[in-house]
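Quick caveat: nothing in here was measured; it's all calculated off a predicted structure. We name chains A, B, ... by the order of the sequence lines, and we start the count at 1 in each one.
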There are 2 protein chains.
Amino acid sequence: MSEAITQSIQDYLKHIYELNEYGGSASTNDLAARLNIAPASVTGMLQKLASTKSPLVIYKKHQGATLTKNGEKAALEVIRHHRLLETFLVNTLGYSWDEVHHEADKLEHVISEDFEARMAEALGHPTRDPHGELIPTADLTMPADESCPLASLRTDETATVRRVSDDDPALLRHLREIGVVPEVKIVVKNYSAFDGNLTIKVEGQKANIVLGTAVTSQVFVDK
Amino acid sequence: MSEAITQSIQDYLKHIYELNEYGGSASTNDLAARLNIAPASVTGMLQKLASTKSPLVIYKKHQGATLTKNGEKAALEVIRHHRLLETFLVNTLGYSWDEVHHEADKLEHVISEDFEARMAEALGHPTRDPHGELIPTADLTMPADESCPLASLRTDETATVRRVSDDDPALLRHLREIGVVPEVKIVVKNYSAFDGNLTIKVEGQKANIVLGTAVTSQVFVDK
DNA sequence: AAATAAATTTAGTCTCACCTAAATTTATTT
DNA sequence: AAATAAATTTAGGTGAGACTAAATTTATTT
């Protein structure tokens, strides 16, 4: 029988997947930071995950981790759970978008496939969660995402906000307040080469606002 | 800082509470059977739970376990979660009453107090779950329950079904089929002293039915 | 290219919650 | 009351998943 995919393994896979999305390979240190675990512990787990009959992870010393096909399926399963749960909590229990992440992080490991299917059905098979993040399909493929960081835009460019990072409640409350939410149109009024600040005009808001890279790197847009 | 109440401790407390409801003290063996754990392991855990600064459990060698005030509060918290979840799954996601137990057993350890409060609100602060079992109140007291086992009734007695045990899906499907569900009235037509069988007439059903003690001990009624 | 800094791995421990096998205690028969 | 059976506890062990401290490897400066 194949090795059990425990909750903590699910967490490793999820974060390796997310780190792979940009950086290529997921480094020991980055994983440790995301998982709130000592780097030494991460090394141990990666070695273990990479050395089973049909491994979930590909791992080379000092070069970080990547997912195998199986590992990726398992990761997408967890991510699908997470994003459906966030949508469900907002739509059905009246959570606001900054409150759902922590709850979904716990529930994602525990719900059954039946629960997943019933949620998807009840929600009308949504393709994005409340933060605009794409929900992996029931057959565990991740839809293509064209969006780029708001931080990469320059003066006079126009774009539509597609998604925002879901893991910082304070940031989410701020974004809600200034109207930077999915599907809203923005125009870049100014780019400051010194600090990377962007001055933008948000559709439906009167005043321009200035955002630092701490914010603009977490907001993703389609041009 | 007080000792963490882990998932497995929550399970111990829940089952000690339920065993205390009838039998007085919860025996090592009964607990082991309910938890699907070796008796030796139960002894170890009970010793541990009974020997902290402010213990959750009272335990004397060879005499089983009881809950302290704190232990009882913790147990009722879990039971409240479980029964609210069962109600929520049935009302909101269309589960049938035989499908919810297992899902609730996993979720009960994971949801936040906020989740609990939102569910209670969304459901209109129900007092019973779909099986008729009483839901502990938000301040963690268990409402009084007057009901007695159907098995204790005799010929010509009349009663109202109040609750049924929720942990055997096959039994639940059978009860649903024969109409033995909460709030239904029944009349005992015959009692057989040999095997304990009861012949009953269920309100709204044409034919009488005969039930063995495997069933009648799991159904609770008010006379 | 050597020196320093940063990232990573090794080695050795710890806790939790379980296990089995054997010993002991309590309960039940004969 | 002794013998047997059942329940419980003791003793010793395991695996998962974390930890720290020290060693090593890779990357970055000077």
Side-chain angles (χ1 to χ4, degrees), chain A residues 1-16 19-20 22-53 55-66 71 74 78 105-106 109-110, chain B residues 1-16 19-20 22-53 55-66 71 74-75 78 105-106 108-110:
Chain A
M1 53 194 65
S2 55
E3 315 291 333
I5 299 182
T6 63
Q7 291 201 187
S8 87
I9 292 176
Q10 286 176 16
D11 277 332
Y12 276 90
L13 298 177
K14 180 175 73 164
H15 285 112
I16 293 169
L19 286 168
N20 285 172
Y22 342 48
S25 195
S27 79
T28 303
N29 255 18
D30 287 355
L31 271 173
R34 278 171 169 257
L35 293 165
N36 268 301
I37 273 175
S41 308
V42 172
T43 301
M45 181 62 99
L46 292 179
Q47 288 172 340
K48 176 185 148 189
L49 291 177
S51 58
T52 54
K53 325 88 197 289
L56 297 166
V57 161
I58 296 160
Y59 169 68
K60 295 256 175 56
K61 273 191 190 186
H62 298 100
Q63 288 173 214
T66 310
V78 179
D105 259 352
K106 294 178 300 174
H109 306 295
V110 162
Chain B
M1 53 196 66
S2 55
E3 316 289 333
I5 299 183
T6 64
Q7 291 202 188
S8 85
I9 292 176
Q10 287 177 16
D11 277 333
Y12 276 89
L13 298 178
K14 181 174 72 163
H15 284 111
I16 293 169
L19 287 168
N20 285 173
Y22 340 50
S25 196
S27 79
T28 302
N29 256 19
D30 287 356
L31 271 172
R34 276 171 170 257
L35 293 164
N36 268 302
I37 274 176
S41 307
V42 172
T43 301
M45 181 62 98
L46 292 180
Q47 288 172 340
K48 177 184 148 188
L49 292 178
S51 58
T52 54
K53 326 91 198 290
L56 298 165
V57 160
I58 296 160
Y59 169 69
K60 295 257 176 54
K61 272 191 189 184
H62 300 281
Q63 290 173 211
T66 310
V78 180
D105 260 353
K106 295 179 299 174
E108 66 188 8
H109 305 295
V110 162

Asker: Expressed in angstrom and rounded to an integer, what is the separation of D30(B) atom CG from dA6(D) atom P?
Answerer: 16 Å

Asker: Could you tell me which non-hydrogen atom of A65(A) sits nearest to which non-hydrogen atom of I16(A), and how far apart they are?
Answerer: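 So the two residues come closest at O-CG2, 3.9 Å.
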
Asker: Report yes if some heavy atom in the side chain of L13(B) is under 4.5 Å from a heavy atom in the side chain of V78(B); otherwise report no.
Answerer: no

Asker: Hey, does T43(A) have a side-chain heavy atom less than 4.5 Å from the side chain of Y59(A)?
Answerer: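 The answer is yes, as the side chains (C-beta and beyond) meet within the 4.5 Å cut-off.
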
Asker: Does any residue of residues 37-47 of chain A have a heavy atom under 4.0 Å from DNA chain C, and if so, which ones, in number order?
Answerer: P39(A), A40(A), T43(A), Q47(A)

Asker: Measure from CG on L49(B) to P on dC16(C) and round the result to the nearest Å.
Answerer: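 So the two atoms are 11 Å apart, to the nearest Å.
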
Asker: Which residues satisfy the salt bridge (Lys or Arg N to Asp or Glu O under 4.0 Å) test with D105(B), sequence neighbours excluded?
Answerer: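 Expected list: K14(B).
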
Asker: Return the value, rounded to whole Å, for the distance between atom NE2 of H109(A) and atom P of dG17(D).
Answerer: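 Whole-Å distance recorded here is 12 Å.
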
Asker: Starting at the 5' end of DNA chain C, what dot-bracket string do you get if Watson-Crick and G-U pairs under 3.5 Å are bracketed, crossing pairs use [ ], other-strand pairs use | and unpaired bases use dots?
Answerer: ||||||||||||||||||||||||||||||

Asker: Using a 4.5 Å cut-off on heavy atoms from C-beta on, say whether the side chain of L56(B) contacts that of I5(B).
Answerer: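 Yes, side chains in contact.
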
Asker: Please report, rounded to the nearest Å, how far the P atom of dA18(D) is from the NZ atom of K48(A).
Answerer: 9 Å

Asker: Does dT10(C) have OP1 or OP2 sitting under 4.0 Å from an N or O in the side chain of K61(A)?
Answerer: yes

Asker: Which one, dT10(D), dA7(C), dA18(D), comes nearest to the side chain of Y12(A)?
Answerer: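 Of dT10(D), dA7(C), dA18(D), dA18(D) is nearest to the side chain of Y12(A).
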
Asker: Find the distance Y59(A):OH to dT10(C):C1' and express it as a whole number of Å.
Answerer: 11 Å

Asker: What's the NZ-C1' distance between K60(B) and dT8(D), to the nearest Å?
Answerer: 17 Å

Asker: Is H109(A) close to V110(B) at the side-chain level, that is, under 4.5 Å between some pair of heavy atoms?
Answerer: no

Asker: Of the listed nucleotides (dT8(D), dT8(C), dC18(C)), which one gets closest to any side-chain atom of S8(B)?
Answerer: dC18(C)

Asker: Answer yes or no: is there a side-chain heavy-atom contact under 4.5 Å between M45(A) and I37(A)?
Answerer: no

Asker: Whole-Å distance between dA16(D) C1' and Q7(B) CD?
Answerer: 15 Å

Asker: Does any N or O in the side chain of D30(B) come within less than 3.5 Å of the main-chain N or O of S25(B), such that one atom is a donor and the other an acceptor?
Answerer: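 Looks like no, no N/O pair under 3.5 Å.
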
Asker: Are OP1 or OP2 of dT9(C) and a side-chain N or O of T28(A) less than 4.0 angstrom apart?
Answerer: yes

Asker: Could you check which of dT8(C), dA7(D), dT9(D) has an atom nearest any side-chain atom of N29(B)?
Answerer: dA7(D)

Asker: For residues A38(B) and A32(B), report the shortest heavy-atom separation together with the two atoms involved.
Answerer: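 Where A38(B) meets A32(B) most closely, the heavy atoms are C-CB, 4.1 Å.
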
Asker: Between P on dC16(C) and CD on E3(B), what's the gap in Å once rounded to a whole number?
Answerer: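 Taking CD of E3(B) and P of dC16(C), I get 8 Å after rounding.
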
